[in-house]
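Working notes for the structure below.
These values consider heavy atoms only, across backbone and side chains, with no hydrogens, waters or symmetry-generated copies.
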Amino acid sequence: MKMLPYSNFTAEEIDGYIRSVKPEQVKRSLSQAEHKFTDFLHFISPAAADLLPEMTEVSARIKRRHFGNTVRTFAPLYISSYCMNNCVYCGFRKSYDYPRRRLSFDEVLNEARIIRDMGHESLLLITGEDAKISPDFTADLIRVLKNDFAYINIEYYPMTEPSYRKLYEAGCHGLTIFQETYDPELYPSFHPSGPKANYQFRLNALAEGGKAGFYNLGMGALLGLNPNWRLEASNMAIHGLWIRKHFWKSHPQFSFPRITPTKWGYNVPAPLSDHDLEQMILAFRLAFHEADLILSTREKPEFRLRMAESAVSHLSAGSQVDPGGYQDHLDGKNLGQFSMNDQSSVEQVCAGIRKHGMVPVFKDWDRSFQ
């Protein structure tokens, strides 16, 4: 595996160092008030695998210091299942022959009304790489949606600064782009065709969003593709540090999507265990004290709530993962881009959060001035 262009180290150097770490080094890192990249490597090392209780204790203190006992909730809204890409793991891949759906402007607003009626004030707009879901179409949507939602984020195909600026000026506050795998040698095997086959263009997207002014810049790797999750995590941390250095007015966010089955079936190359995922999330909280850590309904309720106590700041709730999914759910239909392990309602998610001594927050954002 190669490291990101932002890294001063080779993959072999990073991997060798991680595997050489001793438990004493992990404990020494945990005792420090501030944590550097070297400490992050200690936290994801095999030597730290038996120290999760100690990591959890420190991570929970950091989370409470910066986020209190709150957990912010949000919902995704899928706009189109049309896609020009052929990602081998995705239920929306172009080569699959099934009825696709692209929501009209009014259909998007209907989905948004259902989400708002659920109590949500934070909205994540998602689409496949569909040219008809253009920046102009999306900007018009955002201008209407911002009347009902305090916070709007997008998880779209990569764009350049002018297109991102159009969305930012319309009222979009956050941008999320998953690199899927940071390994440029593995990347082509998972993305054989379509615009997404361009690794570098996708990698550059968050920087384009930073130039456009987005307040939040979110990143993630699709966990289960890379057999070396520790190197994947290292690259994601390097990406986050680079974003924080070059776009200091923006706030880094980290997501941890783990592959779940699609309706077409997909054999996950390198399944990630709950234990390894927990270690990875704790390491990010320990190293990025103020960053938002996000966990979706791909994970089981009990795991999500446990991680919210110790590290995670944001949980999706009541999610539907297909265009028109919220109306379809009301009509008794159940489809989606991937399977969800937490199908709890918003009320059930909030009840679980409260049961664990935390407070669900639907709104923690107001745009007051430029």
Evaluate the side-chain proximity of T56 to L282: yes if any heavy-atom separation is below 4.5 Å, no if none is. yes
Please examine the side chains of F190 and L222, heavy atoms only from C-beta on, and report whether any two atoms are closer than 4.5 Å. no
Residues which pass side-chain hydrogen bond (donor to acceptor under 3.5 Å, both in side chains) with K211, listed by chain and number, not counting sequence neighbours: E208
side-chain contact (heavy atoms from CB on, under 4.5 Å) partners of N198, counting only residues at least two apart: Q200, F201
Interatomic distance, M358 atom CE to N69 atom CG [nearest 0.5 angstrom]: 8.0 Å
Does L186 reach the side chain of P227, with side-chain heavy atoms less than 4.5 Å apart? yes
Taking CG in D331 as the centre, count heavy atoms belonging to other residues, nucleotides or ligands within less than 6.0 Å. Is the count above 12? yes
Ring centres under 6.0 Å, that's the criterion: do Y17 and H42 meet it? yes
State which residues pass side-chain contact (heavy atoms from CB on, under 4.5 Å) with R93; sequence neighbours excluded, sorted by chain then number. N86, V88, S95, Y96
T38 versus Q25: any side-chain heavy-atom pair under 4.5 Å? no
Measuring centre to centre across the rings, with the benzene-like ring taken for any Trp, is H35 within less than 6.0 Å of F43? yes
Is the distance between the ring centroids of H251 and Y215 less than 6.0 Å? no
Please report whether the ring centroid of Y82 lies less than 6.0 Å from that of F92. no
Sidechain-backbone polar pair: R285 side chain, H289 backbone, donor-acceptor under 3.5 Å: yes
Would you call the rings of H173 and Y151 parallel, tilted or perpendicular, where under 30° means parallel and over 60° means perpendicular? parallel
With a 4.5 Å cut-off on side-chain heavy-atom distances among I, L, V, M, F, W and Y, is there a chain of contacts connecting F178 to I79? no
Does a side-chain heavy-atom distance below 4.5 Å link M84 with S193? no
Paired with V26, the side-chain contact (heavy atoms from CB on, under 4.5 Å) test is passed by just one of D50, D39, I44, V21, namely V21
Nearest heavy-atom contact between N153 and L175 is OD1-N, 3.0 Å
Using the ring of each side chain (for Trp, its six-membered ring), is H314 parallel, tilted or perpendicular to F74, with breaks at 30° and 60°? tilted
Quiz question: by atom type and distance under 3.5 Å, do the side chains of D183 and T181 form a donor-acceptor pair? no
Does R101 make a cation-pi contact with Y78 (under 6.0 Å, within 45 degrees of the axis)? no
Nearest 0.5 Å, what's the NZ-CZ distance between K132 and R102? 4.5 Å
Using the ring of each side chain (for Trp, its six-membered ring), is F254 parallel, tilted or perpendicular to F288, with breaks at 30° and 60°? tilted
Under the 3.5 angstrom rule, does the side chain of S345 hit a backbone N or O of Q348 as a donor-acceptor pair? yes
For G220 and M236, which heavy atoms make the closest approach, and how far apart are they? CA-SD, 3.3 Å
